[in-house]
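In what follows, a structure is listed as structure tokens, so that the remarks can point back to it.
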Amino acid sequence: MSTVRFPDVPPREPGHPGTAEERALRAEQVRIALREWNGYDPGESDLVTLDAELDRRLRQAGAR
């Protein structure tokens with residue numbers, strides 16, 4: 001398995017998520033890579049659903 005590189009975003013130390021702008025740039029680059037790789041291109045409603053599921057899982061993990 002190869003590692004995806006994001007040349008427009010400087011690397012951060014492990015555990016540091018980066019700034020909001022860096023995270024948004026990475027997210028857009030990942031969406032582009034997925035679309036090119038396998039055609040995955042979620043719409044806005046899909047993203048809202050995925051965000052809600054991620055929030056639910058994070059709350060659940062935090063409760064442990």
Side-chain angles (χ1 to χ4, degrees):
M1 179 183 241
S2 64
T3 301
V4 177
R5 302 276 182 220
F6 302 107
D8 297 338
V9 181
R12 288 288 189 162
E13 59 203 47
H16 187 285
T19 66
E21 185 176 281
E22 289 169 338
R23 291 190 312 272
L25 181 56
R26 277 195 184 98
E28 180 59 26
Q29 290 172 336
V30 168
R31 282 192 290 274
I32 290 167
L34 282 170
R35 188 172 39 248
E36 290 173 358
W37 178 56
N38 67 4
Y40 180 70
D41 190 16
E44 188 61 35
S45 65
D46 297 319
L47 293 175
V48 169
T49 301
L50 291 168
D51 283 345
E53 177 62 13
L54 178 58
D55 289 344
R56 183 191 70 77
R57 290 181 185 203
L58 289 171
R59 281 191 306 278
Q60 183 181 28
R64 292 181 183 190

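Computed from a predicted model, the values in this text were never measured in an experiment.
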So how far is it from I32 CD1 to Q29 CD, rounded to the nearest 0.5 Å? 7.0 Å

In residues 39-49, what donor-acceptor pairs under 3.5 Å come from side-chain atoms, sequence neighbours left out?
unit_1 : atom_1 : unit_2 : atom_2 : d
D41    : OD1    : R35    : NH1    : 3.0
D46    : OD2    : G43    : N      : 3.0
T49    : OG1    : S45    : O      : 3.1

Would you mind listing the cluster partners of L54? Hydrophobic ones only (ILVMFWY), side-chain contacts under 4.5 Å, chaining allowed. L58

Across all chains, not counting sequence neighbours, the side chain to side chain contact (heavy atoms under 4.5 Å, CB included) partners of R57 are E53

